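Only one structure is covered here, and it is reproduced in the block below.
Predicted model, so just to flag it, every value in this text is computed and none were measured. Every chain is numbered from 1 and lettered A, B, ... according to where its sequence line falls, protein lines coming before strand lines.
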Amino acid sequence: MSSMNERYEAKSIEPRWQARWDEAGVFRAGRRPGAEKRYVLEMFPYPSGAMHMGHARVYTIGDALARYLRMQGYDVLHPMGFDALGLPAENAALKDGRHPAERTRENIEAFRREMKRVGFSFDWSREFATCDPGYYRWNQWFFLKMLERDIVYRRTGKANWCTGCLTVLANEQVVEDRRCERCGSPVVEKVIPEWAFRITAYADDLLAGLDGLVDWPERVTTMQRNWIGRSEGAEVDFALPGSPDKVRIFTTRVDTIFGCTYVVLAPEHPLVPKITAPERRREVEAFVERMKSVDAAERTGEGAVKEGVFTGAHALNPFNGEKLPVWIANFVLAEYGTGAVMSVPAHDQRDFEFARKYAIPIRVVIQPKERSRLPAGDGLDKAFTEDGVLEDSGGFSGLASADARLRMAAWARERGVGEPFVRYHLRDWGFSRQRYWGTPIPIVYCEAHGAVPVPEAELPVLLPPQAIITGTGEPPLAKVPEFVNTTCPKCGGPAKRETETMDTFVDSSWYYARYLSPHDERVPFAQDLARRWLPVDVYVGGPEHAVMHLLYFRFWHRVMEQLGMVFESEPCKRLVTQGIVNGPDGRKMSKRWGNVVTPGPIIDQFGADTMRMFMLFASPPEKDIDWSDEQVEGLFRFLSRVWRIFYARRDTFAVPDSALAGAAGAFLELRRRTHRTIKKVTEGMQGELKFNTSIAALMELVNDLYQLEPASDADRAAVREALLALATLLAPFAPHLAEELWHEVLGPASRELLLAECPWPAFDPALVAADSVTIAVQVNGKLRGEVQVSVAAAENEVRALAEREERVRAHLAGKTVRKVIFVPKRLINFVVG
RNA sequence: GGGCGGGUGGCGGAACUGGCAGACGCGCCGGACUUAGGAUCCGGUGCCGCAAGGCAUGAGGGUUCGAGUCCCUCCCCGCCCACCA
């Protein structure tokens with residue numbers, strides 16, 4: 001007989017099993033070389049301070065999956081590391097002067113300690129931090145490889161400059177109202193040289209790859225599609241009479257070009273000063289000046305008023321030779337397209353409003369296909385922007401829009417006045433950062449040879465320990481002469497190092513591959529391991545990374561594919577984006593609201609298993625949840641209830657399985673319930689992750705157990721079977737408790753085993769299939785009773801039974817049955833009139 | 001303006017290919033045990049109604065024997081993108 005205690009004491013159970021798992025090394029990847037692999041990955045944390053509930057949730061979701069897959073017999077890789085370079089550590093250093101390295105190391109320690117307390121099944125032997133030179137040296141190595149292949153280049157142009165972080169940002173890091181994704185400060189344009197990845201060269205590839213990502217949430221692939229923003233159109237040249245220059249415009253609606261009644265340039269367009277008529281000059285210059293001083297967000301943001309001025313110049317529509325006025329206006333952006341648009345007020349709402357305001361003619365050239373004809377331009381109350389059939393469009397009249405677009409672009413190419421053109425919203429990824437706590441860019445500037453790459457053999461270029469963190473916007477590394485002054489690898493002459501560092505999104509772009517050989521000093525990761533483990537099977541993380549990390553990481557994987565390092569184009573098959581854990585008040589957890597709950601105290605009070613159960617039971621993984629103390633207590637209550645039923649039925653532990661065959665009546669029903677539960681939980685772990693309903697099924701099984709008092713050995717065997725299934729099915733969700741109870745049931749015989757790597761239970765199909773069912777009886781679609789029949793019952797049998805039901809009889813009385821609908825195993829419906 | 005999600009009891013959420021709406025949990029109500037219970041166990045709990053019954057899945061229409069689920073019109077909420085030419 002078991003010597004188990006009456007009370008559930010998470011605190012005494014959890015550390016014990018954590019130690020056992022650790023000693024036995026059950027979470028090491030590669031323990032089952034003959035088995036199929038599964039790579040389960042959660043986005044690694046940036047270790048700022050301690051772990052919060054958001055982390056607890058992602059890792060709990062991933063861990064439940066990893067534990068399940070391990071029990072299914074897969075060789076599971078489930079690693080963890082730290083995204084340790086980046087601005088917060090440096091910004092904090094500005095305040096208290098502590099070295100980012102020191103602070104980061106401490107935070108990592110704290111983080112790791114907390115994660116270990118939750119008992120996540122990570123293969124800790126593979127842990128690394130991106131601030132280790134052993135990691136970032138490979139960032140530098142990739143940089144060199146990409147430089148050789150022209151995927152990295154140096155450019156000078158308008159870069160996004162964060163006025164808070166005092167560094168350049170990538171386009172993706174600029175969020176609404178042109179603010180910094182990280183600190184929220186305004187982002188301004190600054191002309192500055194920077195290093196960039198030619199991600200735009202991969203735009204079509206990245207776009208096409210999205211179609212294959214069927215196990216990614218659609219909203220993420222849609223966001224990427226929109227971000228890449230491929231638009232097919234044409235570029236067309238409008239000649240300027242009396243000038244050798246031409247205005248090149250980009251349009252997606254070349255089919256409307258015969259309706260073009262004016263041309264608009266961005267105020268910054270280089271032709272503006274050249275073409276402006278002398279009598280318009282003052283007004284135009286004043287407008288341009290004013291636009292310069294207006295913030296970009298204000299100029300193009302929501303509710304901005306369309307305004308512009310006429311330059312006095314004219315341009316010729318190459319399709320019909322028409323002479324059109326050239327305007328400049330605030331809504332045309334120099335950085336999009338060619339910085340010039342052809343305006344077709346009848347078929348573009350923005351052009352329509354502008355034309356109305358400045359009394360420019362409106363000419364209809366597209367008619368709707370099916371609806372009634374549009375009135376002449378002056379009679380329109382808004383632009384007709386859909387496709388239709390062309391009219392008043394020379395030789396193209398009568399064509400459908402889509403067809404016309406192709407022919408007109410081809411026509412333009414033949415005449416040398418334009419060509420079909422594909423444009424993307426995606427910009428190249430500028431990754432230089434004027435900060436200290438990042439990967440040094442391995443470049444040396446020499447008077448004689450310019451920018452010279454640091455030879456591979458000299459990597460890593462180490463971050464100097466004596467960081468001077470100034471917060472001035474000058475690269476801090478520039479202030480460390482020992483770092484800056486070096487010799488040219490080509491000529492040996494005096495040279496200066498690049499003092500900018502890499503965007504930390506570089507670190508997270510390939511870390512998943514580094515887990516394959518985290519300590520390898522010869523290569524970023526070994527090829528044979530890439531064959532074994534990649535791609536990632538399931539990746540769990542927040543949807544906020546939909547465009548940024550998840551785009552960069554797909555880009556990087558393609559580059560690695562080109563380098564022959566990986567053997568598929570996509571880094572990860574399936575993506576799970578988990579929702580936010582809000583405060584109990586439904587608001588985002590924040591010090592400001594005083595609604596922050598952290599894992600530590602919750603684990604102290606209830607144990608890690610209770611916290612995990614809450615994370616999984618509260619809702620499906622994708623949805624946001626509100627922290628709820630009551631709900632958490634409810635889960636603690638459930639685990640205690642599980643514990644107590646094991647304790648109360650400890651006399652069943654020693655009953656032999658052979659007695660199972662004798663189970664009858666309520667205990668046969670229990671066996672059915674047990675096997676149905678196995679089926680339900682197993683299904684919940686596959687496909688859509690339904691942890692919440694899986695746990696609900698376990699609760700039902702427990703509720704059933706409480707209703708039964710076993711009297712015979714057959715009864716006890718059925719109870720024991722249920723308890724064993726319960727412990728096993730609980731293992732992915734509440735692993736410590738599951739392990740403890742499982743060993744209690746099995747006794748000394750199980751001493752050498754760990755539930756964490758035992759096989760997942762199978763259900764007996766014969767027990768899952770019910771032999772009798774409840775059939776709903778409806779009269780005219782309304783429920784009037786129910787009957788118990790065998791699953792095989794035929795319609796006439798069910799009908800006869802149903803007609804005997806009193807309430808059914810009452811509703812059938814005096815009516816004619818016109819029709820009977822019978823759905824086997826579900827319902828019978830009498831249609832009467 | 002565009003795209004993608006959502007809208008079901010007091011709350012979190014269930015509901016397979018159209019087939020008994022509300023599983024499971026929280027909360028609440030009642031009972032048992034108890035010196036006591038905020039522990040535990042048992043029972044109840046969508047709304048109206050004494051009941052029979054009626055009404056209920058954002059609103060309104062439709063298809064169907066039957067609609068949370070399918071179709072149409074509309075409203076609201078969340079997220080992402082956005083004067084993108």
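- Checked against salt bridge (Lys or Arg N to Asp or Glu O under 4.0 Å), Glu6(A) has no partners two or more places apart in sequence or in another chain.
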What string of B, S and - do you get for nucleotides 36-44 of chain B, 5' to 3', if B is base contact, S is sugar-phosphate-only contact and - is no contact with any protein heavy atom under 4.0 Å? ----SSSS-
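- Judged as a side chain to side chain donor-acceptor pair (under 3.5 Å), and not counting sequence neighbours, the contacts of Gln788(A) are Ser772(A), Thr774(A).
- Contacts of Glu235(A) classified as salt bridge (Lys or Arg N to Asp or Glu O under 4.0 Å), with partners at least two apart in sequence or in another chain: Arg248(A), Arg423(A).
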Would you tabulate the pairs of protein nitrogen or oxygen atoms and nucleotide nitrogen or oxygen atoms of nucleotides 51-53 of chain B closer than 3.5 angstrom?
none

Under a 4.0 Å heavy-atom criterion, the protein footprint on nucleotides 7-14 of chain B, written with B, S and -, is -----BSS
Toss me the dot-bracket line for RNA chain B: Watson-Crick and G-U wobble, both under 3.5 Å, 5' to 3', using | for pairs to another strand and [ ] for crossers. (((((((..(((......[....)))((((((.......))))))(((....)))..(((((..]....))))))))))))....
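- Ranking C20(B), C24(B), C84(B) by closeness to the Ala776(A) side chain, first place goes to C20(B).
- Residue pairs meeting the side chain to side chain donor-acceptor pair (under 3.5 Å) criterion with at least one partner in residues 679-689 of chain A, sequence neighbours excluded, are Tyr68(A)-Gln686(A), Lys679(A)-Glu683(A), Thr682(A)-Trp760(A).
- Base orientation of G62(B): anti (glycosidic angle beyond 90° from 0).
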Which donor-acceptor pairs under 3.5 Å do side chains of residues 822-833 of chain A form with protein atoms, sequence neighbours excluded?
| from | atom 1 | to | atom 2 | distance (Å) |
| --- | --- | --- | --- | --- |
| Asn829(A) | OD1 | Asn780(A) | N | 3.4 |
| Asn829(A) | OD1 | Gly781(A) | N | 3.0 |

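- Residue pairs satisfying the salt bridge (Lys or Arg N to Asp or Glu O under 4.0 Å) criterion with at least one member in residues 225-234 of chain A, sequence neighbours excluded, are listed as follows: Asp204(A)-Arg230(A), Asp211(A)-Arg225(A), Arg230(A)-Glu232(A).
- With sequence neighbours left out, the side chain to side chain donor-acceptor pair (under 3.5 Å) criterion links Asn703(A) to Arg641(A).
- For Leu333(A), whose side chain is taken as the heavy atoms from C-beta onward, the closest listed nucleotide among G27(B), A82(B), C83(B) is C83(B).
- Here Asp215(A) pairs with nothing under the salt bridge (Lys or Arg N to Asp or Glu O under 4.0 Å) rule; sequence neighbours left out.
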